Amino acid sequence: MTALGTPHVFRAESQRGRHIFSLNGIWAIAPTRDAGPPRDYPHTIPVPSVVDCAEPQYDWQSASFHWYRATFRLDNPKHRSVFLRIGQCQFGTDVWVNDSHAGRSISCYTSQEYEVGRYLRLNDEDENEIVIRVGTKENLPPESAVGKDQEKSIYTPGIWGDVALIVSGNPRLSSIQMIPDIRQGVAGTRMVVENHKATPCTVTVTAQAFEKKGAKPASAPVQATCTVPAVGSFEVNVTVPIADAHLWSPDSPFLYEMLTSVHAGSEVCDEVTTTFGMREFRIEGKSFVLNGEKVVLKGGNIAFHRFLADKERALLPWDRSWIKRALIDIPKRHHFNFFRNHLGQLYPLWYDIADEEGMLIQNEWHFWGTTGSREQIRAEFNDWLKDNWNHPSIVIWDPLNESTDDFVQNEMVPELKKLDPTRPWESVDFVEEHPYIYSLGPVLNEGPFGFTRAILDIEHSQRPVVLNEFL
């Protein structure tokens with residue numbers, strides 16, 4: 001097996017609650033036509049990216065699997081919990097750590113976590129190996145919620161999200177959700193505490209808000225005590241008052257951070273910092289309302305996954321300076337304040353930059369017609385929200401493009417509204433319109449055309465109107 005340079009070396013400090021060690025960088029990669037591992041790894045590839053970025057290049061479309069390999073050393077003196085987190089990987093993921101199979105996933109747009117501590121050699125003299133096998137869209141099982149795009153033919157596999165090791169104590173925080181209430185001036189903080197031991201554990205959970213720039217305290221610490229069941233989880237909700245809250249908007253993208261921690265006695269078991277904004281986006285009659293004032297959405301669409309099919313894009317989708325120019329600098333010069341990410345998730349850095357610089361986002365799933373089982377759609381939609389619900393820039397959830405589905409619209413969306421009550425849903429709370437009136441329907445102003453209402457009906461709509469495919 002071909003070695004790939006010097007392995008990552010990570011050292012966990014015993015007094016810290018959580019470490020996040022990035023595994024982004026250059027990995028080894030090899031293609032195979034069958035499910036068995038390769039004999040060697042003759043290519044390298046940046047992570048994150050997709051497989052056509054490999055060097056030297058290979059005929060990736062003839063391969064059924066693409067095998068990624070990286071090595072690291074981890075000094076973990078307290079033998080704390082270790083999870084491997086893969087931000088996004090398409091299409092189908094299997095993970096081995098030191099030749100032990102750690103798990104698999106068929107999700108392509110949401111994060112994956114694997115408990116890997118049991119497989120590791122935990123001192124800085126021993127090398128650990130991670131191997132990730134990535135499949136192809138054609139080989140996904142029928143229950144996959146991968147979706148459709150009838151106007152796209154190339155689906156490039158790859159680890160297109162960030163990869164990291166997460167080291168913490170037990171219990172750990174497995175989920176943080178910020179629910180800002182600008183009317184009350186508070187930040188609701190919903191935390192899920194997870195216990196991996198065979199005995200219950202009583203812990204103290206603390207939340208305190210800070211201004212992101214400058215780290216000035218924005219609240220006093222708020223505490224709660226709970227008992228987490230053996231090999232189980234417990235949801236803790238606290239309300240954190242934010243004095244004189246500075247509201248987030250495209251014109252003033254002010255950000256806070258919530259520091260949450262779990263203590264068992266004097267030990268800090270885990271701690272997480274979550275970026276959020278104090279803002280409210282809702283529908284009032286025929287209008288969208290941001291922080292109590294009507295807002296007109298002016299912008300366009302970003303078809304990120306179609307961009308991934310264009311080999312000439314190289315590494316631009318993961319380049320911070322290029323993303324900022326494409327998403328913020330140039331559009332704002334043209335008075336844009338809004339984008340719909342069309343048919344699929346963006347790389348998460350796009351949302352971070354939208355938060356920091358002030359751009360509103362309609363977040364659309366990769367469904368132009370649904371695919372997959374109800375169970376898989378439910379699981380991935382729940383993860384979709386958990387991955388993204390703390391971004392103030394994301395103001396609309398959108399599960400379907402130009403299609404309808406009874407399960408998604410009538411069952412899933414009501415469920416998810418309870419999980420996240422802070423955003424409207426396209427195709428349930430309002431319907432976007434795609435009136436291609438000049439290129440397709442120049443004389444059909446009085447009747448429906450394609451996936452849109454008649455122009456006169458749009459004009460007299462009793463709900464907000466979004467024209468995001470036109471001309």
Side-chain angles (χ1 to χ4, degrees), residues 16-18 20 172-193 203-226 234-263 266 268-284 287-295 328 337 351-361 385-396 417-424:
R16 286 185 57 186
R18 173 175 290 210
I20 300 176
R172 70 190 290 260
L173 290 158
S174 64
S175 174
I176 310 289
Q177 182 183 13
M178 302 307 305
I179 305 176
D181 184 339
I182 67 171
R183 297 164 190 270
Q184 300 297 321
V186 300
T189 308
R190 180 184 293 168
M191 298 165 279
V192 176
V193 186
V203 295
T204 299
V205 180
T206 303
Q208 183 176 11
F210 297 83
E211 296 180 3
K212 187 174 178 68
K213 288 185 178 179
K216 177 183 176 182
S219 78
V222 177
Q223 291 188 337
T225 300
C226 67
F234 190 86
E235 183 180 296
V236 182
N237 291 275
V238 299
T239 300
V240 180
I242 308 288
D244 301 318
H246 191 140
L247 302 186
W248 185 97
S249 72
D251 294 329
S252 181
F254 192 91
L255 295 173
Y256 292 94
E257 290 182 329
M258 187 66 71
L259 176 62
T260 50
S261 58
V262 178
H263 297 255
S266 60
V268 182
C269 303
D270 196 10
E271 56 189 356
V272 177
T273 299
T274 304
T275 298
F276 71 102
M278 293 293 290
R279 69 106 182 91
E280 177 188 73
F281 187 88
R282 56 196 173 89
I283 291 173
E284 284 187 5
S287 300
F288 293 114
V289 175
L290 175 65
N291 298 336
E293 296 184 5
K294 177 180 176 179
V295 61
I328 303 297
N337 65 1
Y351 303 121
D352 293 338
I353 293 171
D355 293 344
E356 295 162 6
E357 303 293 337
M359 187 63 68
L360 303 172
I361 303 288
L385 266 60
K386 290 176 184 177
D387 284 347
N388 296 287
W389 57 22
N390 293 319
H391 289 289
S393 58
I394 296 176
V395 293
I396 296 168
K417 276 176 169 284
K418 295 177 183 177
L419 195 60
D420 173 26
T422 69
R423 296 170 173 91

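Not measured: the values here are computed from a predicted model. When a residue number appears, it is its place in the shown sequence, counting from 1.
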Notebook entry, point to check: What's the spacing between T206 OG1 and M191 CE if we round to 0.5 Å?
Noted result: 8.5 Å

Next item on the list: For Y351 and N388, run side chain to side chain contact (heavy atoms under 4.5 Å, CB included): C-alpha distance rounded to whole Å, both residues' side-chain angles, the deciding distance at 0.1 Å, then the answer.
Entry: CA-CA 8 Å; Y351 303 121; N388 296 287; 3.5 Å; yes

Check: Is the shortest side-chain N to carboxylate O distance from E271 to R18 below 4.0 Å?
Finding: no

Check: Do V193 and S174 come close enough that some side-chain heavy atom pair is under 4.5 Å?
Finding: no

Notebook entry, point to check: So, for I328 and A354, which heavy atoms are closest and what is the spacing to 0.1 Å?
Noted result: CD1-CA, 4.4 Å

Margin query: Taking S393's backbone N and O only, do any of them form a donor-acceptor pair with D355's side chain (distance below 3.5 Å, no angle check)?
Written below: yes

Margin query: Please give me the minimum heavy-atom distance between N291 and S249, naming the atom from each residue.
Written below: ND2-CB, 4.2 Å

Note to self: What I want to find out is whether D420 reaches R423 closely enough, with some N-O distance under 4.0 Å, to be called a salt bridge.
What the structure shows: yes

Check: Which value, rounded to the nearest 0.5 Å, describes the distance between D352 atom CG and T275 atom OG1?
Finding: 7.5 Å

Notebook entry, point to check: Does some side-chain heavy atom of P392 sit less than 4.5 Å from a side-chain heavy atom of L255?
Noted result: yes

Check: When you look at T189 and I179, which way does the side chain to side chain contact (heavy atoms under 4.5 Å, CB included) test go after all the steps?
Finding: CA-CA 6 Å; T189 308; I179 305 176; over 6 Å; no

Notebook entry, point to check: Using the benzene-type ring in the case of Trp, are the ring centres of F288 and F281 under 6.0 Å apart?
Noted result: yes

Next item on the list: Taking all heavy atoms of R279 and all of T422, pick out the closest pair and write down the distance.
Entry: NH1-O, 4.4 Å

Margin query: Please check if the number of heavy atoms outside Q184 that lie under 6.0 Å from its CD is greater than 12.
Written below: no

Checklist line | Any donor-acceptor pair under 3.5 Å from W389 side chain to I176 backbone | finding: yes

Next item on the list: Could you walk me through whether V240 and V238 pass side chain to side chain contact (heavy atoms under 4.5 Å, CB included), step by step?
Entry: CA-CA 6 Å; V240 180; V238 299; 4.2 Å; yes

Checklist line | Step-by-step side chain to side chain contact (heavy atoms under 4.5 Å, CB included) determination, H263 to V203 | finding: CA-CA 6 Å; H263 297 255; V203 295; over 6 Å; no

Check: With a 4.5 Å limit on heavy-atom distance, are the side chains of H246 and Y256 in contact?
Finding: yes

Item checked: Closest approach of P241 to V222 (non-hydrogen atoms, all atoms of both residues) -> CD-CG2, 4.3 Å

Next item on the list: To the nearest 0.5 Å, tell me how far I242 CD1 sits from E211 CD.
Entry: 9.5 Å

Next item on the list: Flag the pair S261 / D270 as yes when at least one side-chain heavy-atom distance between them is below 4.5 Å, and no otherwise.
Entry: no

Note to self: Could you check whether any side-chain heavy atom of W248 comes within less than 4.5 Å of a side-chain heavy atom of M278, counting everything from C-beta outward?
What the structure shows: no

Check: With a 4.5 Å heavy-atom cut-off, do L247 and S252 have their side chains touching?
Finding: no

Note to self: I need the L259 CG to T273 OG1 distance, nearest 0.5 Å.
What the structure shows: 4.5 Å

Item checked: Residue pair E235 / N237, side-chain donor-acceptor N/O under 3.5 Å -> yes

Notebook entry, point to check: Would you say T204 and V262 make side-chain contact, with heavy atoms under 4.5 Å?
Noted result: no

Note to self: Return the CZ to NZ distance between F254 and K213, rounded to the nearest 0.5 Å.
What the structure shows: 9.0 Å

Note to self: If the threshold is 4.0 Å, N to carboxylate O, is there a salt bridge linking E280 and R183?
What the structure shows: yes

Checklist line | Minimum side-chain heavy-atom gap F210-K216 below 4.5 Å | finding: no

Notebook entry, point to check: Nearest 0.5 Å, what's the OG-NZ distance between S287 and K294?
Noted result: 4.0 Å

Next item on the list: Check the side chains of S219 and Q208 for a donor-acceptor pair under 3.5 angstrom, ignoring hydrogens and angles.
Entry: no

Note to self: Between T274 and N390, do the side chains contain a donor N or O and an acceptor N or O under 3.5 Å apart?
What the structure shows: no

